[in-house]
Amino acid sequence: MKYLMAIDAGTGSIRSVIFDIHGNQIGCVQKEWKHLEDPRFPGSMDFDWNVNWDLVCSCIKGVLIQTGIGAEEIAAVSTTCMREGIVLYDKDGNELWACANVDARAKDEVSQLKQIDPNLENEVYMKSGQTFALGALPRLLWVKNKLPDVYAKTARIGMINDWIIFRLSGVLAVEPSNGSTTGLFNLKTRNWDIEIAHRCGLKDDIFPDVTECGTKTANVSKEGAAQSGLTEGTILVSGGGDCQLGAVGVGVVEKGQAVVFGGSFWQYEYNVDESNCSPKFDVRVNCHAASNLWQYEAIAFFPGLVMRWFRDAFCQEEKRIAAEKNIDPYIILDEAAISVPAGSNGIICAFSDVMNYINWKHAAPAFLNFSLDSDKYNKAVFYRAIMENACLVTLGHLRLVEEATGKCPDKIVFAGGAAKSKLWPQILADVLGIPVDVPVVKEATALGAAIMAGKGIGIYTSIKDAASNLVKI
């Protein structure tokens, strides 16, 4: 039996997951990591490549030990990661600077970019699908302004999933699904756009080769094998961004399909077969991991984080009972909220709001329109109102994408932590007015990476065929 390994570098943790070729998860080892703020630079979130590489190797070795699978039985490895995190290298391949995805140090540089030309952001968006809100452009300009010595030495740029393959092999290549989140890609060509770098006053000779997702990129080197525990020569396959590979892992791999990932943030992804952008600049567009698809993406900030805050701030009794029963506290809260009528007795809950990519603002947290009637306005009602807020924002995102594309899905897949709830998927179906499918797999992003690994070595003939055979609803 041969196995496939996925290495999944999330915002809060790194994990190595082994699947068999039928898509069954055999083992998983996960380690938390932290991205620390440099006290000199408020809003910074540095990526510590030395500490984090040790954690990557620990996860790889750990899952081999956990499963009892020999390293020689791993047929191929692929990688996925948080999007927008970037790594800069010198001419010898040494890391110079890196940041995680939620790094927010470059506010001044956003203003600087806007001063170059008031229309620059719109022009960049129409080519790349990105604004200055999340991408690499302001961060690179920040390095140029604040760390000129580092910028002068910078010879290559890559994403964190590419960095893992580079560390294992010595080969650096970027794939389009995550590379397109930099704002330096041309959506139509699925490759770097040097003109964007020119317009933003940045280097145009730091871009490595691009290989499509699911393509054999390299082999584990002798040094990579010694550090990671993998066998020298093991095939490494280009992976992708976490949402794009998550879409693969839940079977959203055809035009017109859509998925909502309900985690700390909620992402709505809608597949299209053309790389056009919204004329209102209000919704993000990325390359899908499938080479003939792109995705309109709308992001809701904080639904999962809000739910965690509510649980920890107000639900100590539910947490106590859950600990006694060895169950999730959300199960108890769900049971109480099921009997609350739709609309939560009129409460207006504002924690997340609909995205406007070109002029992004976030809701001021609030519960509105309730009275001091404990029968009508209690913990279960407020809990359900939070759920309804997330679903109503998703409805806003569905309409946002429909306005840009003229199309709407006839059903949607709901995945991530929120999909474990028995109540939340039903509220989502009621709000959207379309069927909601919940996939069986819990490690959708890692399964997507495993599918890429299998495609890269010919186990699967195509991403579409693999997803249709492996994904269960």
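When a residue number appears, it is its place in the shown sequence, counting from 1.
Taking the centre of each ring, W49 and W33 stay at or above the 6.0 Å mark. If you look at F382 and F310, their ring centroids are not closer than 6.0 Å. Checked against the 6.0 Å centroid threshold, F261 and W266 do not count as a close aromatic pair. You'll find the ring centres of F314 and W309 inside the 6.0 Å limit.
No hydrogens or angles considered: nothing links the side chains of N52 and D48 as a donor-acceptor pair under 3.5 Å. Donor-acceptor pairing under 3.5 Å is recorded for the side chains of T11 and N101. There is a side-chain donor-acceptor pair under 3.5 Å between N271 and Q295. Side-chain polar atoms of E84 and N178 form no donor-acceptor pair below 3.5 angstrom. Checked by atom type, the side-chain pair E175/S177 shows a donor-acceptor distance below 3.5 Å. With no hydrogens or angles considered, a side-chain donor-acceptor pair links Q30 and S13 at under 3.5 Å. Side chain to side chain, Q112 and D108 fail the donor-acceptor criterion of an N or O pair below 3.5 Å.
Counting only heavy atoms from C-beta outward, the side chains of L470 and Y460 approach each other to under 4.5 Å. Using a 4.5 Å heavy-atom cutoff, the side chains of I358 and D282 are not in contact. Between N161 and I165 there is no side-chain heavy-atom pair separated by less than 4.5 Å. Using a 4.5 Å heavy-atom cutoff, the side chains of I235 and V77 are not in contact. N191 is not listed as a side-chain neighbour of N186, based on a closest heavy-atom distance of 4.5 Å or more. Using a 4.5 Å heavy-atom threshold, the side chains of T182 and W192 count as touching. Inter-residue side-chain proximity for V29 and S16 is flagged as unmet; no heavy-atom pair is nearer than 4.5 Å. Between M82 and I160, the closest side-chain pair of non-hydrogen atoms falls below 4.5 Å.
Salt-bridge formation is detected for the pair R105/D46: a Lys NZ or Arg NE/NH1/NH2 atom is positioned less than 4.0 Å from an Asp or Glu carboxylate oxygen. Remark: K114 does not engage E109 in a salt bridge, criterion side-chain N to carboxylate O under 4.0 Å. Between K407 and E402 no salt bridge is recorded (no basic side-chain N to carboxylate O distance below 4.0 Å). In this structure, E388 pairs ionically with R384, as a charged nitrogen and a carboxylate oxygen lie closer than 4.0 Å. Look at R83 and D242 and you find a salt bridge, because one of the NZ, NE, NH1 or NH2 atoms lies within 4.0 Å of a carboxylate O, short of that distance.
Considering every non-hydrogen atom in both V253 and A247, the closest pair reads CG1-O, 4.4 Å. Nearest heavy-atom pair, P208 versus V174, reported as atom, atom and distance to 0.1 Å: CG-CG2, 3.5 Å. For the residue pair C349 and A385, the shortest heavy atom distance occurs at CB-O, 3.6 Å. Of all non-hydrogen atoms in E297 and V283, the two that sit nearest each other are O-CG2, 3.2 Å.
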Walk me through whether K361 and D353 qualify under salt bridge (charged side-chain N to carboxylate O under 4.0 Å, His left out).
CA-CA 8 Å; K361 295 180 174 65; D353 56 1; over 6 Å; no
Decide yes or no on side-chain contact (heavy atoms from CB on, under 4.5 Å) for C81 and I164, but give the supporting numbers first.
CA-CA 10 Å; C81 73; I164 295 171; 5.7 Å; no
After noting the C-alpha distance and the side-chain angles of L202 and L137, does the key distance pass the side-chain contact (heavy atoms from CB on, under 4.5 Å) rule?
CA-CA 8 Å; L202 297 169; L137 291 170; 3.8 Å; yes
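For the atom pair CG (D410) and CD (Q257), the distance works out to 9.0 Å, reported to the nearest 0.5 Å. For the atom pair I7 CD1 and T80 OG1, the distance stands at 11.0 Å (nearest 0.5 Å). Atom-to-atom distance recorded for Q426:CD and L423:CG is 8.0 Å, nearest 0.5 angstrom. Summarising the geometry, atom CG belonging to L432 is positioned 11.5 Å from atom CD1 belonging to I427; distances are rounded to the nearest 0.5 Å. The distance from atom CG of L88 to atom CD1 of I206, rounded to the nearest 0.5 Å, is 6.5 Å. For the atom pair NE2 of H288 and CD of E269, the computed distance is 8.0 Å after rounding to the nearest 0.5 Å.
Around atom CD of E223, no more than 12 heavy atoms belonging to other residues, nucleotides or ligands sit under 6.0 Å away. Atom CG of D117 has more than 12 neighbouring heavy atoms from other residues, nucleotides or ligands inside a 6.0 Å radius.
Annotation: ring pair (Phe, Tyr, Trp, His ring centres under 6.0 Å) contacts involving residues 107-134, sequence neighbours excluded, comprise Y125-F281.
In this pair, W142 and F41 present their aromatic rings perpendicular. The plane angle is above 60°, beyond the 30 to 60° band. Ring orientation note: the planes of F166 and Y89 are nearly perpendicular, at an angle over 60° on the 30°/60° scale. Ring-plane geometry between H362 and F301 is classed as tilted, the angle between the planes lying from 30 to 60 degrees on a 0 to 90 degree scale.
For the pair R190 and W294, the cation sits on the ring face: its NZ or CZ lies under 6.0 Å from the ring centre, inside 45° of the axis.
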Which pairs of donor and acceptor atoms, one on a side chain in residues 147-158, lie under 3.5 Å apart (sequence neighbours left out)?
unit_1	atom_1	unit_2	atom_2	d
Y151	OH	K203	N	2.8
T154	OG1	V150	O	2.9
R156	NH1	D205	O	3.3

